[in-house]
Amino acid sequence: MNRKTFLKSGTLAGAATLLSTGNAFAQHLSSNPIDKLVDANGNYIQQSLPYSESFLEPYMDAETLHLHYTFHHGGAVKGANKDLQMIKKALDEII
């Protein structure tokens, strides 16, 4: 086994432990109603803001908050779901 294969296998095995729904961390994320980060399928979700978009004015205007939350945070959620899908696909190919 070369270094590349070892690192790839180790990374995928580590990801598999994080993705399993049997560990305490995953159970807490799926059962906690306040900080719900995943849906029933295990995909990351973006909760709506618990306050109005104008709440932070005059420090941040509503449009800036909307753009930041929608595109910055929304992009992170979309990227995390894409990475999660790729990890699951790689694990399926190994097993």
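These numbers were taken from a predicted model, which means no experiment stands behind them. Hydrogens, waters and symmetry mates play no part in the numbers below; they use all other heavy atoms, side chains included.
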message: Given 3.5 Å as the limit, does a donor-acceptor pair link the side chain of Glu57 with the main chain of Ala62, or not?
response: yes

- prompt: Between Asn41 (side chain) and Asn43 (backbone), is there a donor-acceptor pair under 3.5 Å?
  reply: no

field: Minimum side-chain heavy-atom gap Asn81-Gln85 below 4.5 Å
entry: no

- request: Give the minimum heavy-atom separation between Val77 and Tyr44, together with the two atoms involved.
  value: CG1-O, 3.6 Å

task: Report yes if the side chains of Tyr69 and Gln46 come closer than 4.5 Å at any heavy-atom pair, otherwise no.
output: yes

task: Indicate the atoms forming the closest heavy-atom contact of Leu49 with Glu53, along with that distance.
output: CD1-CG, 4.3 Å

statement: Rounded to the nearest 0.5 Å, the OH atom of Tyr51 sits from the CG atom of Leu56 at a distance of 5.0 Å

- prompt: Ignoring hydrogens and geometry, is there a side-chain-to-backbone donor-acceptor pair from Thr64 to Met60 under 3.5 Å?
  reply: no

query: Which one of Lys78, Gln47, His68 satisfies the side chain to side chain donor-acceptor pair (under 3.5 Å) criterion with His73?
result: His68

